[in-house]
Amino acid sequence: MTGKVIRIERIAPRDGAIEEPELTAKGYCLGDPKFGAQKHHAKNAVYVKTLDEAAELVLQGFSLRMVGKGKRASLVAPRSLSLVRA
């Protein structure tokens with residue numbers, strides 16, 4: 001797939017609510033698969049500034065922290081994400 005990423009969506013959002021990548025002061029937060037069950041720990045977090053960078057890491061197997069209205073942020077596995085490109 002080529003083109004600029006315009007959205008990253010959760011395939012099956014919790015309670016049907018729209019979820020989107022959480023953007024923090026540090027950037028988009030991802031979990032590195034090399035840390036296995038510990039990838040959700042803050043010390044193992046990887047931050048990137050752009051959605052395109054986040055998308056590239058998702059394609060490499062990284063999980064992405066997603067948030068929805070009324071929901072806490074959650075680290076979502078790459079197989080549960082869809083990349084929408086222009």
Begin with the C-alpha distance, continue with both residues' side-chain angles, and end with the deciding distance and a verdict on side chain to side chain contact (heavy atoms under 4.5 Å, CB included) for Leu51 and Ile8. CA-CA 8 Å; Leu51 211 50; Ile8 300 176; 3.9 Å; yes
Is there a side chain to side chain contact (heavy atoms under 4.5 Å, CB included) between Lys4 and Asp52 once you walk through the steps? CA-CA 7 Å; Lys4 187 168 180 67; Asp52 281 321; 3.1 Å; yes
For the pair Arg72 and Val67, evaluate side chain to side chain contact (heavy atoms under 4.5 Å, CB included) and give the outcome as yes or no after the intermediate values. CA-CA 6 Å; Arg72 288 184 59 186; Val67 66; over 6 Å; no
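Once rounded to the nearest 0.5 Å, the distance linking CD of Gln38 with NE2 of His40 reads 6.0 Å. Distance CD/Glu22 to NZ/Lys71: 15.0 Å, rounded to 0.5 Å. For the atom pair Leu83 CG and Ile6 CD1, the distance stands at 11.0 Å (nearest 0.5 Å). The distance from atom NZ of Lys49 to atom NZ of Lys26, rounded to the nearest 0.5 Å, is 9.5 Å. Between the CD atom of Glu53 and the OH atom of Tyr28 there is a distance of 10.0 Å, given to the nearest 0.5 Å. Distance check, rounded to the nearest 0.5 Å: CG of Leu30 to CD of Gln60 gives 10.0 Å.
Taking both residues in full, the closest heavy atoms of Lys39 and Ser63 are given as CE-OG, 3.4 Å, listed atom of the first, atom of the second, then distance. Residues Ser80 and Val76 come closest through the heavy atom pair CB-CG1, 3.7 Å. Closest approach of Cys29 to Ala45, counting heavy atoms only: SG-CB, 3.9 Å.
Cluster annotation: Leu81 is connected to Leu23 through the hydrophobic network of ILVMFWY side chains, with a link wherever side-chain heavy atoms come within less than 4.5 Å. One hydrophobic cluster, built from ILVMFWY side chains closer than 4.5 Å, cannot hold both Leu75 and Val58; they sit in different ones.
Inter-residue side-chain proximity for Ser74 and Arg10 is flagged as met; some heavy-atom pair is nearer than 4.5 Å. For the pair Met66/Pro21, a side-chain contact is recorded, criterion being any heavy-atom separation below 4.5 Å from C-beta on. Counting only heavy atoms from C-beta outward, the side chains of Tyr47 and Thr24 approach each other to under 4.5 Å. Looking at heavy atoms from C-beta onward, Phe62 lies out of side-chain contact with Pro78 at the 4.5 angstrom threshold. Using a 4.5 Å heavy-atom threshold, the side chains of Leu64 and Leu57 count as separate. Put simply, the side chain of Arg79 does not reach to within 4.5 Å of the side chain of Ile11, judged on heavy atoms.
A salt bridge links Arg14 with Glu19: the closest approach of a Lys/Arg side-chain nitrogen to an acidic carboxylate oxygen falls below 4.0 angstrom.
Applying the side-chain hydrogen bond (donor to acceptor under 3.5 Å, both in side chains) rule to Glu56 yields no partners; only residues at least two apart in sequence or on another chain are considered. Listed by chain and residue number, nothing satisfies the salt bridge (Lys or Arg N to Asp or Glu O under 4.0 Å) test with Arg65 (two or more places apart in sequence, or in another chain).
Between the side chain of Asp32 and the main chain of Lys34, a donor-acceptor pair closer than 3.5 Å is present.
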